[in-house]
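Notes to accompany the following structure.
Nothing here was measured: the structure is a model prediction, and the numbers come from that model.
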Amino acid sequence: MSISHAPPRSSAPDISPKSASDLDLQPLVPTSSRRTRVPRWLRRTTGPVLLLVLWQLLSSTGSLPPDVLASPGRIAQVGGDMVADGSLPAAMGTSLQRVAAGLLFGLVVGTGLALLSGLFRIGEDLVDAPVQMLRTVPFVGLIPLFIIWFGIGEAPKVAIITLGVTFPLYLNVYAGIRGVDAQLIEAGESLGLSRWGLVRHVVLPGALPSAMTGLRYSLGIAWLALVFAEQVNADSGIGFLMVQARDFLRTDVIIVCLVVYAFLGLLADFIVRSLERLLLQWRPTFTGR
């Protein structure tokens, strides 16, 4: 008599694959790519708009007298009148020419000194110490000397802007050059790159992010230096309009000029940021969440 044994039942759970229709699949979306309900441009403009509304309310109720600070409506009216009579566009053109000239000279001097000091040890020994000494001297304090040296024309104004631009650009470019990873230099040498090849393909691209940061900072200093420069024996420019408005207690004209300064500075920063995104496409960065 034969006894047949039934195969033992397995206690393991059924792991047979299920069809895609039986599973509730949900795509995973990174947090950084999730869209918010409120557009970003609307969030960014909410703060300034609320500030303008509060400003107008304080002016309308008399809590903010016009001789202390003109209302936004009055400032907009005066700005339109200055554009219509051509005084504001002419002043903006003169100021832009001064900033462009000072920024150009500052770029050449600051970048040149940074390259000399960052790439060569003897250059660092000769250049870095004098530059560090001069940058601690407030450039505004040198205005009397510039007037004595260059007179009261355009030269001292451009010199003030040049001096203000040079030092932040020098510091950032120098730090960018010296911050390049030494292993990248060794890798370039192992690939047979010459000294100029290392500078061109390794050092300068590695220093470019710091250089762009220095350029943005230098632009801010350039507009700050322009404010001081155009109040020294100037007969044109936005600063000249501010001096005239100060003498006649015209707070509305002063605010219009300050708004123009802010707008031009914001426009310049936007141009540099666009250039930064174009030149630094190879560098992944954190954009916030």
Side-chain angles (χ1 to χ4, degrees), residues 98-143 145-146 149-150 155-226 228-229 265 268-269 271-273 275-283 285:
R98 290 167 179 163
V99 169
L103 185 63
L104 178 61
F105 291 135
L107 284 173
V108 173
V109 175
T111 305
L113 291 177
L115 292 175
L116 182 63
S117 181
L119 296 176
F120 307 100
R121 291 183 179 177
I122 186 172
E124 180 183 12
D125 296 337
L126 296 176
V127 173
D128 189 63
V131 171
Q132 297 297 337
M133 292 173 60
L134 287 175
R135 79 177 183 88
T136 59
V137 179
F139 63 89
V140 179
L142 297 177
I143 292 178
L145 280 178
F146 286 163
W149 293 342
F150 304 115
K157 301 175 180 58
V158 175
I160 293 171
I161 300 172
T162 301
L163 190 64
V165 167
T166 297
F167 297 123
L169 194 63
Y170 169 84
L171 291 176
N172 283 273
V173 175
Y174 173 79
I177 293 174
R178 291 303 176 93
V180 175
D181 193 348
Q183 295 181 355
L184 295 177
I185 303 294
E186 295 176 358
E189 291 176 345
S190 64
L191 293 175
L193 291 177
S194 62
R195 185 178 181 87
W196 168 244
L198 286 173
V199 172
R200 179 182 177 184
H201 298 288
V202 179
V203 176
L204 293 183
L208 189 58
S210 296
M212 299 304 296
T213 301
L215 181 59
R216 291 181 63 185
Y217 186 60
S218 297
L219 278 171
I221 298 295
W223 292 109
L224 177 62
L226 178 67
F228 293 101
D269 185 74
I271 293 174
V272 175
R273 291 182 66 179
L275 183 63
E276 185 178 11
R277 286 193 294 266
L278 178 65
L279 297 178
L280 301 179
Q281 295 180 355
W282 51 268
R283 186 187 66 162
T285 56

Please examine the side chains of [Y] and [X], heavy atoms only from C-beta on, and report whether any two atoms are closer than 4.5 Å.
X    : Y    : value
E124 : Y174 : yes
I161 : L103 : no
L219 : D269 : no
R216 : E276 : yes
L171 : Q132 : yes

How far apart are the closest heavy atoms of [X] and [Y], and which atoms are they?
X    : Y    : result
V158 : F105 : CG1-CD1, 3.8 Å
F120 : L115 : CD1-O, 4.2 Å
V173 : A211 : CG2-CB, 3.9 Å
I221 : P168 : CG1-CG, 4.4 Å

- Message: Would you call the rings of F146 and F150 parallel, tilted or perpendicular, taking 30° and 60° as the class edges?
- Response: tilted
- Report the C-alpha separation of L275 and L279 in whole Å, then their side-chain angles, then the decisive distance to 0.1 Å, and conclude whether the side-chain contact (heavy atoms from CB on, under 4.5 Å) test is met. CA-CA 6 Å; L275 183 63; L279 297 178; 3.9 Å; yes
- In sequence, state the C-alpha distance, the side-chain angles, and the governing distance for Y170 and S117, and then conclude on side-chain contact (heavy atoms from CB on, under 4.5 Å). CA-CA 9 Å; Y170 169 84; S117 181; 3.2 Å; yes
- Query: Under the criterion side-chain contact (heavy atoms from CB on, under 4.5 Å), which of L215, L169, N172 is the partner of T111?
  - Reply: L169
Say whether, by atom type as modelled, one donor and one acceptor occur between the side chain of [X] and the main chain of [Y] under 3.5 angstrom.
X    : Y    : result
S210 : A207 : no
T166 : T162 : yes
R178 : G118 : yes

- Under 6.0 Å from the CD1 atom of I122, do we count more than 12 heavy atoms belonging to anything else shown? no
- Checking side-chain contact (heavy atoms from CB on, under 4.5 Å) for the pair L119/I177: CA distance, chi angles, key distance, verdict? CA-CA 7 Å; L119 296 176; I177 293 174; 4.0 Å; yes
- Item | Interatomic spacing from CZ in R98 to CD1 in I160 - rounded to 0.5 Å | 10.5 Å
